[in-house]
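Comments concern the structure below.
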Amino acid sequence: MGNHAELLSLVIVVVCAFLTPILLNRLRINFLPVVVAEILMGIILGKSLFNWVDRTAMLNMLSTLGFIFLMFLSGLEIDFKAFKSSPKQKKGKQKEPNPIIISSIIFTGILILSIIAAYLFKWTGIIDDVLLMVIIISTISLGVVVPTLKEMNIMQTTIGQIILLVAVIADLATILLLTLYGTLYAEGDSPIWLIGILIVFTGLFYITGKNFKRAPFLEKLMAGTTQIGIRAIFALIILLVALAEGVGAENILGAFLAGCVVSLLGPDKDMVNKLDSFGYGFFIPMFFIMVGVDLDIPALFKDPSGLIIIPFLLIAFYLTKVIPIAILKKWYDTKTVIASSFLLTSTLSLVIASAKIAERLGTIDAATSGTLILAAVITCVIVPILFKKTFPVAITEEKMIKVAFIGKNQLSIPVAQSFKSDLYLPTLFYLKNNVDKRTIQDLETIELDEYSYEALSASGLFDFDIVVCSANDESINRSVAEMAKQEGVPRVICRLETLQEDDKLTEAGIEVFSEFQSTKTLLKGLIESPNMLNLLSNVETSLYEIEMLNTKYHEMQLREFPFSGDIIFVRILRGNDSIVPHGETELHFKDRLIVTGERNYVDEIKRELELF
């Protein structure tokens, strides 16, 4: 009978996890993050309302795995390339702050104000635990910040990068403080310096992973039923989680460090999508639903004095963010600064983690833990709405697609010059001893002594969006293409004239082209369709491919599409299907759209749909 009750609770939670995003979509509740909706569903199913779900051993294990995977994905979300120096400002453009420096200053201010606020909570007798309150007040939810910035199409703007970096630094700092908190109050006498062992092993795992990733025998094991990459990542998570608990730290630190290691190794988009599928598709919903199940809101209302904490917490969350970020008024208008402070007020995962850990350690009671979590849920409901309402749309900057051309020759120079526009920023990389001595005035150029990994990395090649290996030496093209792909460059195009052994490159996701094959194909098409050359070479009638990555337009009919009057949809490629578009045709996420129209309109829609 007990097993039947456990199975019933599991079924209810799994079905709830399945139905929650469907209900949000059908009811068009776009302002509410899915994780918050899952907590609300847990509240309905748990102690607060129907009490249909019990925390069984199975659900407890799945919830813990969800928590661990959430911390892993938080580490994976950190783009460590963002900590590199920002590119030079364009001539004539208003000088903007250095994102790294200004983000560090802002978080330092947040931390100082959080300490002051924590002592105020103690002096007023609301909550006595100063360190816990510092962690809770200073933390910022990457899980809310990242999707909101992407949806507003400002992730790659300077202000977007500042907001993101502040959230990243806050995430890193507060998880370290939470580890310190858990170590100080845990039973036993594990010294803090043992955490250094965890850091050393993390470094060793990173070095091992880098070498492991380049091993040639792994290529055949990456696909099919083997999925060696996924296995390696799960092994890394379990090893670091076990090691973290072994040295007396919290398991979430091990999971977070595992995410950081994988992020530093530069996984491809397919790998990240698979990991997101594992986490957000199953494990993480279990955790958030069980958080809601454990919340006993009626019990909180039995002692209204405990609920007084919530408005004070919300005020502390906001004031500790809006005061430090006021420094941005030197560069941005008041609405932008206020909107940014709203978004930085969001907090969820680490507040839940802190409250649960503190409750387990006995430093706060269940009622206080529930109140802290409820305050975090409230911020996640109201913050995205306030940010979208107050952030000025005009501030959205146009991110340029950086294209690197390897080699200086009769092919690369004119193609690079033709790409220079408001959307594309081409840069020519070539050797100092290049035989082509032409002076190039209208292109960014970088001279190199050699095409070695060190030289290319130092010159910033691997930070480009597209790398075109177009040198006359085929061995150079192969080598640079493989290095660029291994370092996570989204698109790598390689010129090969012999067309030998190109299977290895295509399997690695490298696009291969040949002047001979391109000319032959064009000539054949020209014979069959005399106007083809004019169609392809005329800027106003050219065909362009755009990938639909903006979920705002998912399942939107073409007749409702706001750009439809400026461009013509020629084809929609969906998987292996080629769809002739009509007014009632719906756009789907990851559709590839073949369009034609004026270049300015095409660039505009490309930014909107590909989230540049």
Side-chain angles (χ1 to χ4, degrees), residues 60-78 80 129 131-132 134-136 138-139 141-143 168-210 212 230-265 267 275 278-279 283-284 286-288 290-291 348-364 369:
N60 192 50
M61 181 187 71
L62 291 174
S63 175
T64 302
L65 287 174
F67 191 20
I68 288 172
F69 217 86
L70 177 65
M71 290 298 104
F72 164 76
L73 290 179
S74 295
L76 183 62
E77 279 178 350
I78 297 175
F80 289 93
D129 198 328
L131 182 54
L132 177 65
V134 169
I135 295 168
I136 285 174
S138 61
T139 189
S141 176
L142 269 177
V168 166
I169 295 169
D171 225 33
L172 286 167
T174 50
I175 202 164
L176 291 174
L177 285 173
L178 184 56
T179 300
L180 175 64
Y181 181 85
T183 305
L184 289 174
Y185 290 97
E187 295 181 3
D189 55 353
S190 296
I192 296 176
W193 64 264
L194 282 177
I195 297 175
I197 297 175
L198 179 63
I199 304 299
V200 170
F201 271 92
T202 301
L204 291 175
F205 286 142
Y206 168 70
I207 295 169
T208 304
K210 201 164 186 179
F212 185 76
I230 297 294
R231 297 188 190 202
I233 288 171
F234 272 95
L236 177 67
I237 295 171
I238 300 302
L239 282 170
L240 284 176
V241 165
L243 189 59
E245 292 195 343
V247 300
E250 290 295 328
N251 55 23
I252 58 172
L253 178 61
F256 184 79
L257 289 174
C260 292
V261 169
V262 176
S263 177
L264 284 167
L265 290 173
L275 294 170
F278 278 117
F283 291 116
I284 293 174
M286 294 289 182
F287 167 67
F288 282 115
M290 292 309 297
V291 166
L348 186 63
S349 304
L350 280 176
V351 169
I352 295 172
S354 304
K356 289 295 182 183
I357 289 170
E359 183 184 349
R360 176 169 54 81
L361 295 173
T363 55
I364 60 173
S369 173

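All figures in this text were calculated on a predicted structure; none of them were measured in a lab.
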Check: residues 352-364 side-chain donor-acceptor pairs under 3.5 Å, at least two apart:
| residue | atom | partner | partner atom | Å |
| --- | --- | --- | --- | --- |
| S354 | OG | L350 | O | 2.6 |
| E359 | OE1 | S369 | OG | 3.1 |
| R360 | NH2 | E250 | OE1 | 2.9 |
| R360 | NH2 | E250 | OE2 | 3.2 |
| T363 | OG1 | Y181 | OH | 2.6 |
| T363 | OG1 | A358 | O | 3.1 |

Inset, instruction - Might you work through the side chain to side chain contact (heavy atoms under 4.5 Å, CB included) test for T139 and L178, ending with a clear yes or no? - result: CA-CA 10 Å; T139 189; L178 184 56; over 6 Å; no

Legend entry - Partner set under side-chain contact (heavy atoms from CB on, under 4.5 Å) for I230, not counting sequence neighbours: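 For I230, the residues satisfying side-chain contact (heavy atoms from CB on, under 4.5 Å) (neighbours in sequence not counted) are Q227, F234, M271, K274, L275, F278.
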
Legend entry - Any residue meeting side-chain contact (heavy atoms from CB on, under 4.5 Å) with A170, in chain and number order, not counting sequence neighbours: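 Scan of A170 (side-chain contact (heavy atoms from CB on, under 4.5 Å), adjacent residues dropped) gives F107, I140.
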
How many angstroms lie between [atom1] in [X] and [atom2] in [Y], if you round to the nearest 0.5 Å?
X: I136; Y: L131; atom1: CD1; atom2: CG; result: 10.0 Å
X: L176; Y: D171; atom1: CG; atom2: CG; result: 10.0 Å
X: T208; Y: L265; atom1: OG1; atom2: CG; result: 10.0 Å
X: I284; Y: S63; atom1: CD1; atom2: OG; result: 11.5 Å

Legend entry - Exam field: side chain T64 to backbone N60, donor-acceptor pair closer than 3.5 Å: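 Confirmed, T64 side chain pairs with N60 backbone.
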
Inset, instruction - List for me each residue that meets side chain to side chain donor-acceptor pair (under 3.5 Å) alongside T202, sequence neighbours excluded, and say none if there are none. - result: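 Once residues adjacent in sequence are excluded, T202 has no partner under the side chain to side chain donor-acceptor pair (under 3.5 Å) criterion.
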
Legend entry - Passing candidate, side-chain contact (heavy atoms from CB on, under 4.5 Å) with F72, options L240, I233, L236: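 Answer after filtering L240, I233, L236: I233.
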
Legend entry - Sole candidate of V262, V261, L264 that passes side-chain contact (heavy atoms from CB on, under 4.5 Å) when paired with L76: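 Only one of V262, V261, L264 forms a side-chain contact (heavy atoms from CB on, under 4.5 Å) with L76, namely V262.
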
Legend entry - For the student: nearest non-hydrogen atoms of M286 and L62, plus distance: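 So the two residues come closest at CB-O, 4.2 Å.
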
Inset, instruction - State which residues pass ring-ring contact (aromatic ring centres under 6.0 Å, His included) with F288; sequence neighbours excluded, sorted by chain then number. - result: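 Once residues adjacent in sequence are excluded, F288 has no partner under the ring-ring contact (aromatic ring centres under 6.0 Å, His included) criterion.
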
